[in-house]
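This one's a predicted model, so the numbers in the text were calculated from it and none came from an experiment.
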Amino acid sequence: MLLESLTGLPAGVRLREISPNDLPFLERLYASTRVDELNQVDWPPEQKQAFLKQQFEAQHSHYQQHFTRAEYLLIEHQQASSDPTAPWQRIGRLYLDERDEEIRLIDIALLPERRNAGLGSLLLEKLLAIAKERDLVVRIHVEQFNPAAEWYRRYGFRLLEDRGVYLFMEWRSDA
């Protein structure tokens with residue numbers, strides 16, 4: 001399991017499997033990743049909300065159906081990491097599927113206020129280290145115009161195939 005191998009996280013950060021109670025948060029997180037896109041359309045707020053709800057449910061269902069062995073992990077942060085009774089706050093998700101020859105990075109997302117602070121990079125670096133240790137490639141689909149595509153390129157991901165809306169990218173330790 002990848003969860004057991006993703007160790008050495010900063011104090012006050014943990015990963016755990018998602019539960020049905022996390023779905024409202026995951027829906028809000030999903031919506032936060034689509035803000036720029038939806039700013040381009042002149043829809044009333046309730047139409048945008050309905051669209052985002054439908055899209056989240058479709059994505060979640062697709063992932064559950066097509067990645068049956070995947071690990072669906074929630075990223076949590078504890079403000080006062082020195083206080084074991086301090087509440088944990090949900091801040092993101094990390095969905096991974098380890099296969100015979102690859103680790104599929106299904107999705108990684110953080111709340112907007114948690115982006116660009118290094119946590120996503122740390123998680124990706126740990127994942128790439130695990131892949132190198134296990135002699136696996138890491139593959140991901142990323143939307144063509146998602147700024148994260150450039151982030152993946154900086155980590156050595158290369159384009160395998162342009163699939164229209166998505167780029168299918170791969171990282172190899174020997175590249």
Side-chain angles (χ1 to χ4, degrees), residues 1-6 9 15-18 22-23 25-41 48 51-75 91-112 114-175:
M1 282 185 81
L2 291 165
L3 174 59
E4 295 167 358
S5 300
L6 287 164
L9 299 176
L15 301 172
R16 68 164 172 84
E17 293 184 20
I18 66 167
D22 296 316
L23 290 177
F25 165 78
L26 293 169
E27 186 176 332
R28 285 192 314 276
L29 177 64
Y30 174 81
S32 79
T33 69
R34 306 287 299 268
V35 169
D36 291 340
E37 177 185 350
L38 286 180
N39 283 339
Q40 306 297 316
V41 295
K48 288 181 181 182
F51 174 78
L52 288 168
K53 182 175 183 55
Q54 182 273 331
Q55 290 289 292
F56 168 75
E57 289 171 355
Q59 181 192 67
H60 187 74
S61 176
H62 174 83
Y63 287 167
Q64 299 291 314
Q65 183 179 11
H66 293 282
F67 298 99
T68 56
R69 297 181 347 181
E71 293 176 73
Y72 298 96
L73 306 175
L74 199 71
I75 305 166
I91 63 169
R93 70 182 188 181
L94 178 63
Y95 294 173
L96 304 167
D97 188 19
E98 186 173 4
R99 301 170 176 193
D100 291 338
E101 75 280 344
E102 77 174 79
I103 296 173
R104 181 67 57 96
L105 177 50
I106 302 166
D107 193 47
I108 182 171
L110 293 165
L111 290 172
R114 299 297 183 149
R115 295 176 194 154
N116 300 312
L119 181 56
S121 293
L122 175 71
L123 290 168
L124 182 59
E125 289 165 8
K126 289 189 173 298
L127 183 64
L128 298 179
I130 292 167
K132 183 175 183 173
E133 178 183 301
R134 297 181 185 181
D135 196 29
L136 299 172
V137 299
V138 179
R139 295 187 179 125
I140 185 169
H141 283 95
V142 62
E143 290 179 335
Q144 288 261 5
F145 302 108
N146 186 332
E150 184 55 36
W151 182 63
Y152 291 117
R153 284 185 190 96
R154 286 196 309 267
Y155 276 94
F157 281 79
R158 300 288 174 241
L159 180 66
L160 283 181
E161 185 179 346
D162 183 333
R163 296 186 173 171
V165 175
Y166 295 97
L167 302 174
F168 188 46
M169 302 179 80
E170 177 182 83
W171 176 90
R172 291 182 170 275
S173 64
D174 58 1

For E27, the salt bridge (charged side-chain N to carboxylate O under 4.0 Å, His left out) test, sequence neighbours excluded, returns K53
Nearest-0.5 Å distance, CD of residue E102 to CG of residue D97: 7.5 Å
Flag the pair E170 and R139 as a salt bridge only when some basic side-chain nitrogen lies within less than 4.0 angstrom of an acidic carboxylate oxygen. yes
Between CD1 of I18 and CG of L94, what distance do you get to the nearest 0.5 Å? 11.5 Å
Neighbour count >12 (heavy atoms, 6.0 Å) for atom CD, E161: yes
For L136 and R99, which heavy atoms make the closest approach, and how far apart are they? CD2-O, 4.2 Å
Aromatic rings H60 and F56: how do their planes relate, parallel, tilted or perpendicular, breaks at 30° and 60°? parallel
What's the separation between atom CZ in R134 and atom OG in S5, rounded to the nearest 0.5 Å? 4.0 Å
Would you please test Y72 and D22 for side-chain contact (heavy atoms from CB on, under 4.5 Å) and show each step? CA-CA 11 Å; Y72 298 96; D22 296 316; over 6 Å; no
D135 atom CG, neighbour heavy-atom count above 12 within 6.0 Å: no
Can you tell which of I91, L119, I75 makes a side-chain contact (heavy atoms from CB on, under 4.5 Å) with R114? I91
Looking only at atom types and distance, does a side-chain atom of Y95 sit under 3.5 Å from a main-chain N or O of Y63, one as donor and one as acceptor? no
Please check if the side chain of E143 supplies one atom and the backbone of V165 the other of a donor-acceptor pair under 3.5 Å. no
For Y166 and H141, take the angle between the two ring planes, folded into 0 to 90°, and tell me which bin it lands in: parallel under 30, tilted 30 to 60, perpendicular over 60. perpendicular
Measuring only between side-chain heavy atoms, which start at C-beta, is I106 closer than 4.5 Å to R93? no
Do L167 and N146 have side-chain heavy atoms sitting under 4.5 Å apart? no
Hey, what's the ring geometry for W171 with F157, parallel, tilted or perpendicular (30° and 60° as the breaks)? tilted
Closest heavy-atom contact between L52 and A31? CD1-CB, 3.7 Å
Heavy-atom closest pair (G120 atom, I108 atom, distance to 0.1 Å) is O-CD1, 4.1 Å
Can you tell me if CG on N116 sees more than 12 non-hydrogen neighbours from other groups inside 6.0 Å? no
Keeping T33 on the side-chain end and Y30 on the backbone end, is there a donor-acceptor pair under 3.5 Å? yes
